[in-house]
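Working notes, beginning with the structure itself.
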Amino acid sequence: METIQYNLPQDRIPRVWYNILPDLPSPLAPPLHPGTHQPLGPEDLAPLFPMSLILQEVSAEREIEIPEEVRQIYAQWRPSPLIRARRLEKALDTPAHIYYKYEGVSPAGSHKLNTAVPQAFYNKKAGTKRLSTETGAGQWGSALSMACSFLGLECKVYMVRVSYDQKPYRRALMEAFGASVTASPSTETESGRAILAEHPNSNGSLGIAISEAVEVAAKDPNTKYALGSVLNHVLLHQTVIGQEAIEQMALAGDEPDVIIGCTGGGSNFAGLVMPYLGRKIKGQCQARVVAVEPAACPSLTKGRFTYDFGDTAHLTPLVKMHTLGSTFIPPGIHAGGLRYHGMAPLVSHVLDLGLAEAVTVQQLDAFAAGIQFARAEGIIPAPEANHAVAQAIAEALRARAEGKPRTILFNLSGHGYFDMQSYIAYHAGTLENYEYPEEEIAMALAGLPSVE
Ligand SMILES: *Cc1c(COP(=O)(O)O)cnc(C)c1O
């Protein structure tokens, strides 16, 4: 029988998270204080995060031990499966080998639980009572609500308006785990009220929802803030994905020639690729590494690599990243998790170093690829993950055209069973492509803070 799944036993759940920072040829640019433009100290972040996570954010240690309590919760769905997409290979009539690491097996339905659990864990240990956060598509909100319920914390979620309306089941899921969910922009915060005063029908954006969640945490000593992507410690927690994949690819007796992930804030991509990039830096891996972003929100391919705010109301530190400008509000594509104006500083940096490349995919092409994948593999991908699927299929078709074998590995970051409304729209023909919103991005870029 042909092997399809490469599974690891539970005791192979990684014991450490892999921090690529000490292995990089040059350091990350430091985050800056939004007022003084001086490098941030750990105490500047203390109102928002517990010190344990702040120290992980700036750590120079290559390996950071995963607490046993966190590994115990990981054991419910980790190690996640590595699957060889043999039926998709046949459907594409390609000599390529296609593998996907499937993170949709987590009870929250995506990779996001990999960081939600440790974030809730460290907060609980530090005495936090409540976590506030934003969510785009609802994946991160679901994961954090679940983690808070496991660890006995309250959870407050600001959900981007367009997703709140498109994805009522996501909201129901968060509420089932005990979270309080509010559509953003809301009237509950100063940042939300300011946006509504100018744009009463605002679709919202991740940047706006972050402002609301940060504001709430900054004003309440019992509430801390949790972010589902972008920050170093979040990307760090996701490296369990790539560490497992390396072992599983060895079981399969294959080495990837190309490694692919979709990028919103960069966390599922980083989770899969950073352990491989650590090897690439040491000359132990030759794979091309490809980040895939939506054409409607192309921070890596069209953004500027410079200091910008992480949110719309400019409450967060300044970080050096690929950005479309913090005031840019991306079109309402269904891949809500990819609607962010910036990109993780770490992902931006490895792209700048030439260790990775970036491409864009249009919404309709992403859904067409997702359908093709579903018909062959039986899994409906999350709209975000469809971008990675589209690139994996493109690579497989290129291998066929060139008549060359190629081993493709991609991250199937989550399932799409709460996103069926977007598939309904796709089948009804009402889903559309958005052209690159050139003018609005130019305007947002003109408003970048001047640093240096
Ligand atoms: C949130 C999300 C993304 C995008 O966020 P990253 O931090 O770039 O990974 C991608 N896929 C799924 C399934 C998500 O939930």
Side-chain angles (χ1 to χ4, degrees), residues 77 80 100-116 119 133-146 157 159-160 163 167 170 173-174 205-206 209-210 226-242 260-274 290-294 297-300 310 321-322 330 333-348 350-351 356 358 360-361 366 370 373 379-391 410-419 422:
W77 72 98
S80 68
Y100 57 96
K101 182 75 171 151
Y102 186 36
E103 290 296 311
V105 294
S106 102
S110 79
H111 67 289
K112 298 249 172 42
L113 204 54
N114 297 330
T115 183
Q119 288 194 50
T133 197
E134 72 293 327
T135 195
Q139 296 266 22
W140 168 242
S142 310
L144 193 69
S145 305
M146 192 177 287
V157 182
M159 185 172 190
V160 174
S163 293
K167 302 180 181 187
R170 274 283 168 202
L173 186 66
M174 290 184 261
S205 71
L206 276 170
I210 292 172
L227 186 61
S229 188
V230 179
L231 297 176
N232 293 344
H233 70 267
V234 179
L235 275 49
L236 175 79
H237 298 154
Q238 294 296 351
T239 58
V240 290
I241 302 173
I260 299 165
C262 66
T263 43
S267 73
N268 86 86
F269 170 78
L272 177 63
V273 312
M274 290 306 166
V290 184
V292 191
E293 57 184 12
C297 189
S299 53
L300 283 171
M321 61 179 174
H322 284 87
I333 53 169
H334 276 265
L338 307 185
R339 288 180 72 237
Y340 183 59
H341 67 271
M343 183 54 61
L346 184 54
V347 170
S348 295
V350 300
L351 199 86
T360 61
V361 169
F373 179 86
I379 298 168
I380 304 275
E384 293 84 4
N386 280 343
H387 292 72
V389 174
Q391 184 62 20
F410 74 95
N411 200 353
L412 190 65
S413 49
H415 67 64
Y417 299 118
F418 288 98
D419 304 292
S422 56

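Numbering starts at 1 and runs along the sequence shown. Read the numbers this way: they start at 1 and go in the same order the structure lists the ligands and their atoms. Worth knowing before you read on, the calculation uses all heavy atoms, side chains too, and leaves out hydrogens, waters and symmetry mates.
- The closest approach between a heavy atom of Ala137 and any atom of ligand 1 is not below 4.0 Å.
- For ligand 1, the polar-atom distance check finds an N/O of Gly266 within less than 3.5 Å of one of the ligand's N/O atoms.
- Remark: minimum distance from atom 12 (C) of ligand 1 to any protein heavy atom is reached at Ser413 OG, 3.4 Å.
- Less than 4.0 angstrom separates some heavy atom of Ser229 from each of these atoms of ligand 1: 6 (P), 7 (O).
- Residue Thr263 approaches ligand 1 through these ligand atoms, each under 4.0 Å from one of its heavy atoms: 8 (O).
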(message) Using side chain to side chain contact (heavy atoms under 4.5 Å, CB included), reason through Val350 and Met274 one step at a time and then give a plain yes or no.
(response) CA-CA 9 Å; Val350 300; Met274 290 306 166; 4.2 Å; yes
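- Judged by distance alone, the side chains of Asn268 and Glu384 never bring a donor and an acceptor atom under 3.5 Å apart.
- Residue Gly265 has at least one nitrogen or oxygen atom sitting less than 3.5 Å from a nitrogen or oxygen atom of ligand 1, judged on distance alone.
- Residue Lys112 holds its NZ atom at 13.5 Å from CE of Met146, rounded to the nearest 0.5 Å.
- The two residues Leu412 and Ala385 have their closest heavy-atom pair at CD1-CB, 3.9 Å.
- A donor atom on one side chain and an acceptor atom on the other are not found under 3.5 Å apart for Ser205 and Arg339.
- Residue Leu338 has at least one heavy-atom neighbour below 4.0 Å for each of these atoms of ligand 1: 4 (C).
- If you look at Asn268 next to ligand 1, the close heavy atoms, those under 4.0 Å, come from the backbone and the side chain alike.
- Between His415 and Tyr417, the ring-plane angle classifies as tilted under the 30° and 60° cut-offs.
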(request) Could you give me the CA-CA distance, side-chain angles and deciding distance for His341 and Met321, then say whether side chain to side chain contact (heavy atoms under 4.5 Å, CB included) is met? (result) CA-CA 10 Å; His341 67 271; Met321 61 179 174; 3.9 Å; yes
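- Contact between Pro381 and Phe373 at its shortest, heavy atoms only, is CG-CD2, 3.7 Å.
- Taking only non-hydrogen atoms, the option from His387, Glu293, Lys112, His415 nearest to atom 1 (C) of ligand 1 is Lys112.
- Those atoms of ligand 1 with a heavy atom of Gly337 less than 4.0 angstrom away are 4 (C), 5 (O).
- The shell of residues lying under 4.0 angstrom from ligand 1, judged by heavy atoms, excludes Glu103.
- Selection from Ala108, Gly264, Gly414 by nearest heavy atom to atom 8 (O) of ligand 1 gives Gly264.
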